[in-house]
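Take a look at the structure set out below.
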2 protein chains.
Amino acid sequence: MPEEKDTINKLAKAPIESLHLDAITVVTNLYRAAQGLRNKMEREVLAKHGLSWTSFSILYDLWIWESVETKKLAMSAGVSKATISNITNTLERKELCYRKVDNRDRRITCVVLTDKGRKVMEELYPQFHQGEVEVVSSLTVEEQKVISGMLRRVIRENNF
Amino acid sequence: MPEEKDTINKLAKAPIESLHLDAITVVTNLYRAAQGLRNKMEREVLAKHGLSWTSFSILYDLWIWESVETKKLAMSAGVSKATISNITNTLERKELCYRKVDNRDRRITCVVLTDKGRKVMEELYPQFHQGEVEVVSSLTVEEQKVISGMLRRVIRENNF
DNA sequence: TTAATATCGTTTCAACGCTAACGATTATGA
DNA sequence: TCATAATCGTTAGCGTTGAAACGATATTAA
């Protein structure tokens with residue numbers, strides 16, 4: 001990313017009172033770290049099963065909760081329900097999950113993990129976790145607690 | 001996201017020595033914050049011009065550097081060169097930038113901002129910056145410096 | 001010089017991801 | 001009851017995304 005100083009010059013013509021350079025730096029580094037994290041995981045762990053980050057996060061939810069409504073999957077993954085519908089189709093094609101219509105409210109569709117899906121998770125999760133550890137290994141455990149606390153506040157305050 | 005305790009139960013059958021719960025929390029919160037950040041910006045600022053986060057980050061680079069090689073755009077945005085090629089097509093269609101083949105090395109293509117593209121940036125950047133400020137407003141400036149420092153170390157250590 | 005190699009950007013193809021529109025189902029209220 | 005509204009998941013249409021294959025250009029080595 002360019003230097004903040006360059007941005008200041010460009011803003012001569014833009015109607016802005018003042019630049020909050022620290023906010024810019026947080027946002028820039030936050031997104032870059034997350035992007036790198038996702039790319040690393042997809043390349044080093046998930047690619048061998050042709051799974052995207054979002055696909056994996058859905059499988060993870062199903063692994064933990066057994067059966068999850070489409071809408072809750074969307075909220076958990078932070079994507080639209082249309083995306084969940086598409087990804088569920090892909091995962092169904094791979095026989096990693098299946099749909100199940102709710103009997104009480106037939107508008108609701110639940111997604112359920114198959115045995116094959118469970119096996120994939122039991123193979124993949126330890127490797128995924130190893131990647132998580134590696135990514136944050138430059139931070140002490142104490143620092144990890146601090147950064148998690150701050151991120152959690154950002155998430156909460158913005159309803160993310 | 002589910003509780004860490006649930007994950008521990010699931011891992012009974014998985015060959016893993018120990019769970020680093022703090023690492024899990026960092027990664028989970030990091031990605032969720034970034035995801036929420038992107039969604040918020042695309043919805044509240046970029047949608048009115050039909051721009052994605054990546055499109056905007058490319059326009060930003062062009063705004064600062066006037067002319068940038070395709071490869072450098074890919075590295076800066078953290079996406080593949082194929083993606084840059086596609087997005088450049090879209091931006092060209094909107095007349096926000098144009099391609100320019102390098103004379104010295106005709107394999108290299110530079111992308112250049114148009115006047116129209118510059119006007120869009122001068123309108124959009126202040127609003128984007130306002131969003132940045134809002135997103136991190138729950139952190140003090142001192143905390144912003146701390147979290148940026150930690151994120152920067154993560155980025156550096158992983159070559160993100 | 002010429003052949004082999006490397007680098008660059010684009011294309012191809014499949015999947016991801018959004019908004020908006022839609023059909024089906026349920027809830028509400030006159 | 002029956003019409004209206006609200007909610008759910010899917011579909012349509014378009015742009016984004018990456019791996020791999022490709023063509024064009026430049027570099028290297030013999």
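Throughout, protein chains are lettered first and strands after them, A, B, ... in sequence-line order, and every chain is numbered starting at 1.
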Mind jotting down which residue pairs meet the salt bridge (Lys or Arg N to Asp or Glu O under 4.0 Å) criterion with at least one end in residues 78-93 of chain B? Sequence neighbours excluded, please.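 The answer is Glu92(B)-Arg99(B).
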Salt bridge (Lys or Arg N to Asp or Glu O under 4.0 Å) partners of residues 132-142 of chain A, not counting sequence neighbours, each pair once: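 Non-adjacent pairs meeting salt bridge (Lys or Arg N to Asp or Glu O under 4.0 Å): Lys40(A)-Glu134(A).
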Atom CG of Asn158(A) and atom CG of Leu37(B): how far apart are they, to the nearest 0.5 Å?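 Rounded to the nearest 0.5 Å, the CG-CG separation comes to 8.5 Å.
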Who passes side-chain hydrogen bond (donor to acceptor under 3.5 Å, both in side chains) against Ser137(B), sequence neighbours left out?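 Ser137(B) satisfies side-chain hydrogen bond (donor to acceptor under 3.5 Å, both in side chains) with no other residue.
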Could you tell me from which nucleotide to which nucleotide of DNA chain D, 5' to 3', there is an atom under 4.0 Å from chain B heavy atoms?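 First and last nucleotides in contact are dG15(D) to dA26(D).
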Is the shortest distance from a Lys or Arg side-chain nitrogen in Lys48(B) or Glu123(B) to a carboxylate oxygen in the other one below 4.0 Å?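 Salt bridge: no.
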Thinking salt bridges, do Arg118(A) and Glu122(A) make one under a 4.0 Å N-O criterion?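 Result for this pair is no, no salt bridge flagged.
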Looking at Lys94(A), I'd like to know if its NZ atom is crowded, meaning that more than 12 non-hydrogen atoms belonging to other residues, nucleotides or ligands lie closer than 6.0 Å.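 Yes - once you tally the heavy atoms of other residues, nucleotides and ligands closer than 6.0 Å, there are more than 12.
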Using the test salt bridge (Lys or Arg N to Asp or Glu O under 4.0 Å), find all partners of [X] that sit at least two apart in sequence or belong to another chain.
X         : result
Arg152(A) : none
Lys145(A) : Asp22(B)
Asp102(A) : none
Glu143(A) : Arg153(B)

Counting only heavy atoms and a strict 4.0 angstrom limit, can you tell me which residues of residues 35-44 of chain B come near DNA chain C?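 By residue number: none to list.
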Protein-nucleotide distance (Lys81(A), atom NZ; dC18(C), atom P), rounded to Å: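 Lys81(A) atom NZ is separated from dC18(C) atom P by 12 Å.
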Mind checking Ser80(B) for me? I need base, sugar-phosphate or nothing, with any heavy atom below 4.0 Å counting as a touch.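 Contact class for Ser80(B): base.
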Please work out if Lys71(B) contacts a base, only the sugar-phosphate, or nothing of the nucleic acid, heavy-atom cut-off 4.0 Å.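 Sugar-phosphate contact only - Lys71(B) comes under 4.0 Å of backbone atoms but never of a base.
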So which atom in Leu113(B) and which in Leu96(B) form the shortest heavy-atom distance, rounded to 0.1 Å?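 Closest approach of Leu113(B) to Leu96(B), heavy atoms only: CD1-O, 3.4 Å.
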Give a yes/no on whether any side-chain N or O of Ser52(B) is located under 4.0 angstrom from OP1 or OP2 of dG17(C).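 No, no such contact exists.
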Produce the list of close N/O pairs, under 3.5 Å, pairing protein atoms with atoms of nucleotides 26-29 of chain C; give distances to one decimal.
from    : atom 1 : to        : atom 2 : distance (Å)
dT26(C) : OP1    : Arg106(A) : N      : 3.1
dT26(C) : O4'    : Arg107(A) : NE     : 3.4

Residue list, ring pair (Phe, Tyr, Trp, His ring centres under 6.0 Å) with Phe56(B), at least two apart or on another chain: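 Partners of Phe56(B) by the ring pair (Phe, Tyr, Trp, His ring centres under 6.0 Å) criterion, ordered by chain and then number, come out as Phe128(B).
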Does anything in residues 83-100 of chain A come within less than 4.0 Å of DNA chain D? Heavy atoms only, and list the residues if so.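 Listed by number, they are Ser85(A), Arg99(A).
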